[in-house]
Amino acid sequence: MPIKDKKPQQRRIANWVFLAISAVLVLSTFLPPAFGQETDKVPYSTFISQVKDQQVTSATVGEKNIRYQLEAGGAVYETAPVFDLNLPTLLQDNDVEFSATPASGNAWFGSLLSWVIPPLIFVGVWRLFLARGQGGGQGGVFSIGKSRAKVYVEDEDTKTTFTDVAGVDEAKTELVEIVDFLQNSTRFTDLGARIPKGVLLVGPPGTGKTLLAKAVAGEAGVPFFSISGSEFIEMFVGVGSSRVRDLFDQAKKQAPCIIFIDELDAIGKSRSSGGFYGGNDEREQTLNQLLAEMDGFNASESTIIVLAATNRPETLDPALLRPGRFDRQVLVDRPDLKGREAILNIHATEVKLSDGVDLKAIATRTPGFAGADLANLVNEAALLAARNHRESVEQQDFAEAIERVVAGLEKRSRVLNDKEKEIVAYHEVGHALVGSAMPGTDQVEKISIVPRGMAALGYTLQLPTEDRFLRDQAELNGQIATMLGGRSAEEVVFGSITTGAANDLQRATDVAEQMVTSYGMSEVLGPLAYDRSKQNNFLDNGSAPNARRIVSDETAKAIDEEVKSIVESAHQRALTILRDNRDLLEEISQLLLEEEVIEGQRLRDMLSKVEFSEPDQSSGSADHLNRQVIEV
Ligand code: ADP
Ligand code: MG
Ligand code: ZN
């Protein structure tokens with residue numbers, strides 16, 4: 001429920017007064033000047049014949065009307081004049097006492113109006129326009145610069161809590177901590193801990209970022225200012241930045257509190273990236289103001305936590321992500337199987353569900369669905385049940401609804417069909433198997449075929465077992481083989497290759513090229529630095545990837561050959577490992593298809609069964625003393 005402060009109310013009254021005055025002025029120009037006096041309208045011919053019959057005693061001749069009386073104090077008649085130069089003579093001849101309409105202030109009043117009204121109307125329209133620009137919101141038409149943030153105090157009954165959000169457990173854990181900060185800030189500050197100022201929720205659309213923010217508001221029990229990034233931007237320059245200022249002013253008065261800026265990318269776009277419309281300046285000013293405000297308050301004095309959400313973190317200005325600003329980033333990702341079931345459970349309580357419905361089966365069939373898609377699915381199913389005049393929503397309604405929702409989703413995002421899912425599963429297990437067989441590569445922690453973030457269809461997560469700053473040649477070769485493991489698995493299992501490995505190949509090639517051109521790991525080329533972008537990092541770090549020192553054609557050719565041979569031998573190693581462990585590849589892939597995510601000890605146990613004996617490695621571990629180490 002939005003709280004209204006008093007000022008907008010005063011403004012609203014002022015607005016009404018303004019409107020009323022304008023209305024009166026406008027009307028008065030159109031109404032006849034004399035109110036109240038009853039007149040009888042008669043035709044001009046009647047008037048003339050009455051004059052000629054000498055019945056008329058007095059008349060007032062105006063431009064637009066003539067009023068006359070047949071006897072003093074009697075009824076007033078009115079007629080519209082015909083342009084008639086002889087009228088005065090006629091009146092005189094017939095003893096009518098006549099005069100022109102007394103100026104009665106009407107003339108100057110009229111001309112005054114003609115000067116005053118148009119600008120007034122103009123101003124009025126302009127203000128209405130502004131008010132509409134602000135969504136007719138509660139700021140009222142006079143408050144151009146006032147922030148449009150809504151303050152929420154959650155209703156006990158309807159408030160959103162963390163129980164309304166599922167499938168994003170890591171994000172939830174982080175935010176529970178934020179709530180803790182707000183409620184017990186002294187516990188943290190007494191210890192000297194700095195409470196984070198800015199927390200950025202990052203994730204694909206519909207994964208529950210806005211919902212999580214509302215849950216924080218519901219749980220924290222502090223004022224919650226909510227505004228969307230796009231609302232800062234108006235067509236008038238300077239409005240956005242003064243809104244930001246007002247927002248923080250208000251927030252400081254109400255601290256501890258939360259400011260939530262949804263869709264931060266609307267203002268936070270990187271300042272270097274040129275927008276395609278000219279209003280860039282305005283956005284920049286708004287962004288600068290936001291940066292200034294975030295630097296300007298001291299979190300230990302007034303506990304304000306700025307929460308923001310975006311699904312396009314890569315477009316954000318790096319300045320936003322610096323320490324003291326949005327230095328905490330919370331990933332809100334698409335849910336896995338268990339998460340989807342939990343989300344379905346939440347939304348299923350809103351509809352009448354038949355006993356036979358198996359939500360787990362539905363969750364299994366909806367990989368890649370975000371929370372919003374699942375909420376939509378439940379609603380679709382309920383609509384279908386209603387259309388079929390059913391008492392409650394049944395499994396078959398869900399089956400049909402899935403088809404509908406998937407059809408819609410396929411257009412805008414990646415929902416894998418069964419075949420694709422299978423390929424992705426083998427691909428990821430390929431990475432994992434090769435990765436665990438390679439010496440010195442990082443521990444494989446998790447494999448998943450739940451689409452993650454914006455790019456990957458599936459992913460394999462490797463975590464270093466210790467902090468590593470230097471890696472040797474054997475490890476780099478192992479890394480390259482691991483990167484090629486996905487593509488190699490596709491080759492081994494399906495005999496064909498998909499487009500999904502493009503990114504892997506790019507990374508593998510980059511590492512191989514660095515080995516040759518930056519780390520001097522090639523025997524052919526020797527310990528020379530051929531990599532130009534590394535040489536003057538400071539001056540042109542925007543240089544094209546792999547920009548090389550100017551080298552002779554032969555050297556360039558030699559580099560290319562060395563890179564190719566490194567990548568190709570890694571590829572052969574990966575293929576060998578996968579062929580030797582074909583059964584294990586099958587087993588883990590099938591399990592992954594079933595469960596979508598395998599992680600932790602269970603995964604490590606399975607991967608430890610990998611059998612691999614390096615036939616005859618040129619860079620084997622025999623020459624320990626010659627190991628080349630590099631900075632990574
Ligand atoms: P985002 O802001 O990430 O684009 P929203 O928070 O607006 O997504 O999600 C839209 C709706 O989808 C929510 O109101 C909720 O009904 C549903 N939803 C999304 N994610 C979840 C989730 N993790 N758990 C439960 N419901 C969710
Ligand atoms: Mg949102
Ligand atoms: Zn891959």
Side-chain angles (χ1 to χ4, degrees), residues 160-172 175 200-218 226-230 260-266 307-313 330-336 338-351 363 369-379 405 412-413 423-435 444 447-449 452 455-462 479-491 497-508 574:
T160 309
T161 65
F162 284 126
T163 56
D164 295 317
V165 194
V168 283
D169 296 335
E170 288 149 53
K172 242 160 98 169
L175 292 174
L200 182 62
L201 303 173
V202 177
T207 45
K209 299 180 293 297
T210 308
L211 189 67
L212 273 168
K214 283 193 188 141
V216 172
S226 164
I227 189 162
S228 172
S230 54
F260 175 52
I261 306 176
D262 210 351
E263 321 205 342
L264 181 68
D265 40 289
L307 212 59
T310 180
N311 47 38
R312 308 177 58 205
V330 177
L331 179 68
V332 188
D333 216 335
R334 292 198 181 86
D336 62 6
K338 276 203 206 102
R340 291 198 300 273
E341 192 183 341
I343 295 174
L344 283 169
N345 265 312
I346 290 174
H347 290 283
T349 57
E350 291 154 21
V351 301
F369 276 42
D373 304 322
L374 293 168
N376 183 17
L377 173 70
V378 173
N379 189 51
V405 176
R412 68 178 165 86
S413 76
I423 294 174
V424 173
Y426 280 98
H427 178 108
E428 297 305 332
V429 176
H431 283 307
L433 280 181
V434 177
V444 179
I447 25 182
S448 157
I449 51 172
R452 179 188 178 91
L457 298 174
Y459 62 95
T460 304
L461 180 68
Q462 283 181 302
Q479 268 187 5
I480 298 175
T482 306
M483 287 169 195
L484 294 171
R487 173 205 152 105
S488 305
E490 291 181 36
E491 277 175 77
I497 309 152
T498 62
T499 53
N503 182 40
D504 295 336
L505 298 188
Q506 184 66 54
R507 284 168 54 209

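These numbers come from the heavy atoms of this one structure, side chains and all, not from hydrogens, waters or symmetry mates. One-based numbering, in listed order, for ligands and for the atoms of each.
Counting non-hydrogen atoms of neighbouring residues, nucleotides and ligands closer than 6.0 angstrom, the CD atom of E350 exceeds 12 such neighbours.
Looking at heavy atoms from C-beta onward, K209 lies in side-chain contact with T207 at the 4.5 angstrom threshold. Side-chain contact between L175 and L201: present, with at least one pair of heavy atoms (C-beta onward) separated by less than 4.5 Å.
Heavy atoms of T207 found under 4.0 angstrom from ligand 1 belong to the backbone as well as the side chain. Contacts between D164 and ligand 1, counted as non-hydrogen atom pairs separated by less than 4.0 Å, involve the backbone only.
Among the heteroatoms counted here (N, O or S) of D504, OD2 is the one nearest to the Zn ion (ligand 3).
Between L377 atom CG and I343 atom CD1 the span is 11.5 Å, to the nearest 0.5 Å. Distance check: T498 OG1 to E490 CD gives 3.5 Å after rounding to the nearest 0.5 Å. Taking CG of D164 as the reference point, atom CZ of F162 lies at 10.5 Å (rounded to 0.5 Å). A distance of 11.5 Å separates OH of Y426 from CG of L433, quoted to the nearest 0.5 Å.
Inclusion of V168 in the set of residues having an N or O under 3.5 Å from an N or O of ligand 1 is not warranted. For A166, a nitrogen or oxygen atom sits less than 3.5 Å from a nitrogen or oxygen atom of ligand 1, counting backbone and side chain alike. Between I346 and ligand 1, no N or O atom pair is found at a separation short of 3.5 Å.
Checking H431 against D504 by side-chain atom types alone, a donor-acceptor pair falls below 3.5 Å. A donor and an acceptor atom, one from each side chain of E428 and S448, are nowhere located under 3.5 Å apart.
Under a 4.0 angstrom heavy-atom cut-off, A309 registers as lying outside contact with ligand 1.
Heavy-atom contacts of T210 reach the following atoms of ligand 1: 2 (O), 6 (O), 7 (O) (cutoff under 4.0 Å). Interface of P205 with ligand 1, defined as ligand atoms under 4.0 Å from a residue heavy atom, comprises 4 (O). When each atom of ligand 1 is checked for a heavy atom of I343 under 4.0 Å away, the hits are 22 (C), 23 (N), 24 (N), 25 (C).
In this structure, atom 6 (O) of ligand 1 lies nearest to the protein heavy atom L211 N, 2.9 Å. For atom 18 (N) of ligand 1, the nearest non-hydrogen atom of the protein is G371 C, 3.6 Å. Protein heavy atom closest to atom 12 (O) of ligand 1, with residue, atom name and distance, is A372 CA, 3.1 Å. Among all non-hydrogen protein atoms, the one lying nearest atom 16 (O) of ligand 1 is H347 CE1, 3.1 Å. Ranking protein heavy atoms by distance to atom 4 (O) of ligand 1, first place goes to G206 N, 2.7 Å.
Not a single N/O/S atom of N311, whether from backbone or side chain, sits less than 2.8 Å from the Mg ion (ligand 2).
For the side chain to side chain contact (heavy atoms under 4.5 Å, CB included) criterion with L200, the lone passing option out of L331, L307, L264 is L264.
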